[in-house]
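First the structure, then my questions, so here it is.
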Amino acid sequence: MAISSMRNLFKERKIPFLFSFFLLLIFVTFLLISNSQKSPVFIATDISQHHSETPISSNPIVSQTQLNPITKDSNPSEDFGLNDTKNDELGVENFDWKLCKGPVAVDYIPCLDNSEAIKALKSRRHMEHRERHCPDPSPRCLIPLPDGYKLPVPWPKSRDMIWYNNVPHPKLVEYKKDQNWVVKSGDYLVFPGGGTQFKDGVTNYIESIQKTFPEIDWGKHIRVILDVGCGVASFGGYLLDKNVITMSLAPKDEHEAQIQFALERGIPATLSVIGTQKLAFPDNAYDMIHCARCRVHWDGDGGKPLMELNRILRPGGFFVWSATPVYRDDERDKKVWKAMVALTEAICWKVVKKTFFDSAGVGLVIYQKPVSSSCYENRRESNPPLCDQNNRSNSSWYASLDSCLVPLPTSSSGNTYKWPAPWPQRLNNKPERLSQKTDNEDIFDEDTKHWAALVSDVYLGGLSINWSSVRNVMDMNAGYGGFASAIIDRPLWVMNVVPISEPDTLSIIFDRGLIGIYHDWCESFNTYPRTYDLLHSSFLFGNLTQRCDVVEVVVEMDRIVRPGGYILVQDTMPMLNKLSSILQSLHWSVNLQQEQFLVAKKGFWRPHDKVRK
């Protein structure tokens, strides 16, 4: 009937032919659009985030669906305009995300806040309760934001002041008010550069060390430092002006949030303790180790804490110890000093300088580690003994502290250990330790060239990352540190992570004048939530997902990255699609490019269930 009427209309020419053709074209187009929405083809969804400054990509390889902006107080289902069915159509798995619960939820560090494991410890004598105790299985809850959280103060202003609401911990303000560690000023926490031993300010303290012992030569001879018991990391923060990069280290203890302060300021730092296990660093890594009233009993447990410093200190490197036993004469301090003299002599450290700063009323001693094992062999007593390298594990991951001295390395020709070239030449010089393995020098050269080209041609210019907002960076599988080397001229720093399941290249990274740490990405990283602006990985996930669940790894990445921060992943398309699905469910903006790169940006979205105190 309808077809007959249509024919009559055409015969009677009541509807012009062109107009009829136009109606038919609209109808066909409508059918095609409807079918395309049911297509299983992956669509990368660009979820515009609160405070977003630039789009994630200007040239995506997949289509983007623009959705409504998310604000911190939005209802996710309303803002996304998506119900569960539409999420399935976008290739997004359905995840029932929940907030972490409990009094420490906002600052939750899974492997350091495992209260059940800590309560079950038989002893806390050697700081066992400050060591890693990871929950199994790994948590999948999301970290809530502190009330009033804001995008961090940008570098370099952040070195001196941060938002109080981002790290709302006032204990140190009161506890250290006479030492100028940190002061609350309106909406900010301000760091005046003071400290227990920095009574004339940290800048004067740094200058006084070099005047006392000019061989230190900040930023040339001495490039990589470990600051043990770092407080709020002002020592490391101000050494950045000298081209020195300092790993500030402290446990999560009663000095509330000191490492969180450091990272919020944009200063390199990590949570750890010298307890019963080795620090997650290689042998012979640091040019200098510094301790200013760091509250470590170096002669305790048979001297194991100091022998751990000896293990990670580079041959010919320095230990700067500023503490009351160096310059006070009361009975307790004299007893500690006597024990320290005996222990340092036993491990062949020599005193190169001992001094007292009259204006500040503090003193320090500078020790130097030997460059060869000859002193070890010529000691009257072999106590502590030399380690048996045949029965000693090279790994420092969950390894007990040594009670022996590690024999010192020699050059490839059998000569005494050679100190790296002055900075910045050492960054691109071939490290001496490279020659210990076949073909490593060629691989190192190719790796350096590869990252220089990739960072210049793709990362800085082609991915629409707002690099001016990036300060704290982590390379999740750093290799030889090529990514960090290629980006060295930007005002940022990189934590180079060498996974324990990958080839051990961390000593090469330190030889280049960079910093890094060992880690297993099947577990939580030793850092506070919201402490990094960008996480980078290159073909990490293929091997990793054979050992652990990728969802748990992404949840850990979400914990570490600040709102407004990025994830930059190079991997296979199947893996990138999987990561995209999880990240979209977390309301990150996600974009894929060139069939090998994923860039995702974190917003302020959190699930809406209330956090129980």
Side-chain angles (χ1 to χ4, degrees), residues 103-104 107 109-136 171-172 175 196 226-231 248-259 269-281 289-313 319 321-326 328 330-344 346-347 349 383-385 387 392-393 395-406 517-518 523-524 526:
V104 299
D107 295 327
I109 306 169
C111 292
L112 298 181
D113 291 323
N114 187 350
S115 57
E116 291 185 8
I118 293 171
K119 287 178 183 177
L121 290 172
K122 295 180 180 180
S123 171
R124 300 189 180 194
R125 182 181 176 186
H126 299 297
M127 304 294 286
E128 291 91 343
H129 57 301
R130 306 296 186 197
E131 295 179 328
R132 290 173 61 83
H133 303 281
C134 297
D136 186 17
K171 185 182 290 185
L172 277 180
Y175 182 53
T196 307
L226 178 70
D227 186 16
V228 179
C230 61
S248 297
L249 180 145
K252 186 178 184 183
D253 62 9
E254 66 273 11
H255 279 172
E256 188 180 49
Q258 52 190 332
I259 293 297
T270 190
L271 285 158
S272 194
V273 66
I274 302 176
T276 67
Q277 297 174 353
K278 294 180 182 179
L279 299 173
F281 307 122
I289 300 175
H290 173 259
C291 158
R293 296 281 290 273
C294 58
R295 302 173 66 195
V296 177
H297 300 292
W298 297 116
D299 62 319
D301 197 15
K304 286 183 181 180
L306 196 68
M307 282 189 278
E308 175 63 0
L309 292 197
N310 183 73
R311 179 186 73 83
I312 62 175
L313 184 62
F319 175 51
W321 187 38
S322 178
T324 55
V326 177
R328 287 185 183 171
D330 61 74
E331 287 303 314
R332 178 186 173 278
D333 285 322
K334 285 195 292 186
K335 183 179 179 180
V336 173
W337 176 252
K338 183 178 179 181
M340 193 68 166
V341 168
L343 182 55
T344 53
I347 63 175
W349 284 12
N383 183 27
C387 298
R392 178 179 177 269
S393 171
S395 173
S396 61
W397 184 249
Y398 287 122
S400 298
L401 291 179
D402 287 329
S403 56
C404 54
L405 292 176
V406 182
I517 198 166
Y518 295 116
E523 299 179 0
S524 176
N526 274 15

Next on the checklist: With rounding to the nearest 0.5 angstrom, report the CD1 to CD1 distance, Ile312 to Ile274.
Outcome noted: 6.5 Å

Checklist entry - Between Pro251 and Val273, which heavy-atom pair has the shortest distance, and what is it? => result CB-CB, 3.9 Å

Item to check | Non-hydrogen atoms of Cys134 and Glu523 that approach each other most closely | outcome: SG-OE1, 3.4 Å

Checklist entry - Closest approach of Thr344 and Leu306, non-hydrogen atoms and distance? => result CG2-CD2, 3.9 Å

Item to check | Short side-chain to backbone donor-acceptor contact, Asp113 and Ile109, under 3.5 Å | outcome: yes

Checklist outcome for this item: To the nearest 0.5 Å, atom NZ of Lys304 lies from atom SG of Cys404 at 9.5 Å

Next on the checklist: Could you report the tightest heavy-atom contact between Ala280 and Ile517, atom names first, then the distance?
Outcome noted: O-CG1, 3.3 Å

Checklist entry - For Thr276, which residues count as a side chain to side chain donor-acceptor pair (under 3.5 Å) partner, sequence neighbours excluded? => result Glu131

Checklist entry - Are any side-chain N or O atoms of Arg311 and backbone N or O atoms of Leu401, one a donor and one an acceptor, separated by less than 3.5 Å? => result no

Checklist entry - Within the distance-only criterion (no hydrogens, no angle test), does the side chain of His297 pair as donor or acceptor with the backbone N or O of Val336 below 3.5 angstrom? => result no

Checklist entry - Does the Ser248 side chain pair with the main chain of Asp227, one donor and one acceptor, at a distance under 3.5 Å? => result no

Checklist outcome for this item: Scanning both residues in full, the closest heavy-atom pair of Pro110 with Pro135 reads O-CD, 3.3 Å

Checklist entry - Please, which pairs that meet side-chain hydrogen bond (donor to acceptor under 3.5 Å, both in side chains) have at least one residue in residues 116-127, sequence neighbours excluded? => result none

Checklist entry - Going from CG on Leu112 to CG on Leu271, what distance comes out if it is rounded to the nearest 0.5 angstrom? => result 6.0 Å

Checklist entry - Who are the side chain to side chain donor-acceptor pair (under 3.5 Å) partners of Asn383, not counting sequence neighbours? => result none

Next on the checklist: What's the separation between atom CE in Met307 and atom CG in Asp299, rounded to the nearest 0.5 Å?
Outcome noted: 11.0 Å

Checklist entry - Under the side chain to side chain donor-acceptor pair (under 3.5 Å) test, which residues partner Thr324, sequence neighbours left out? => result Asp333

Item to check | Atom of Met127, atom of Gly275 and distance for their closest heavy-atom approach | outcome: CB-CA, 4.2 Å

Item to check | Parallel, tilted or perpendicular: ring planes of Phe319 versus Trp349, cut at 30 and 60 degrees | outcome: tilted

Next on the checklist: Rounded to the nearest 0.5 Å, what separates atom CD in Glu308 from atom CD in Gln277?
Outcome noted: 10.5 Å

Next on the checklist: If you define the side chain from C-beta out and look only at heavy atoms, does anything of Trp321 sit under 4.5 Å from Leu309?
Outcome noted: no

Next on the checklist: side chain to side chain contact (heavy atoms under 4.5 Å, CB included), that's the test. Do Asp402 and Lys278 meet it? Break it down for me.
Outcome noted: CA-CA 8 Å; Asp402 287 329; Lys278 294 180 182 179; 3.6 Å; yes

Next on the checklist: Assess the residue pair Cys294 and Cys230 against the criterion (disulfide (SG to SG under 2.5 Å)); give the C-alpha distance rounded to whole Å, side-chain angles, the decisive distance to 0.1 Å, and a yes or no.
Outcome noted: CA-CA 7 Å; Cys294 58; Cys230 61; over 6 Å; no

Item to check | Main-chain N/O of Ser322 paired with Arg293 side-chain donor or acceptor, under 3.5 Å | outcome: no

Checklist entry - Would you call Ser396 and Leu279 a side-chain contact if the rule is heavy atoms closer than 4.5 Å? => result no

Checklist outcome for this item: By side chain to side chain donor-acceptor pair (under 3.5 Å), Asn526 pairs with (sequence neighbours left out) Arg132

Checklist entry - With sequence neighbours left out, what residues match Lys335 under salt bridge (charged side-chain N to carboxylate O under 4.0 Å, His left out)? => result none

Checklist entry - How long is the gap from CG on Leu249 to NE2 on His290, to the nearest 0.5 Å? => result 13.5 Å

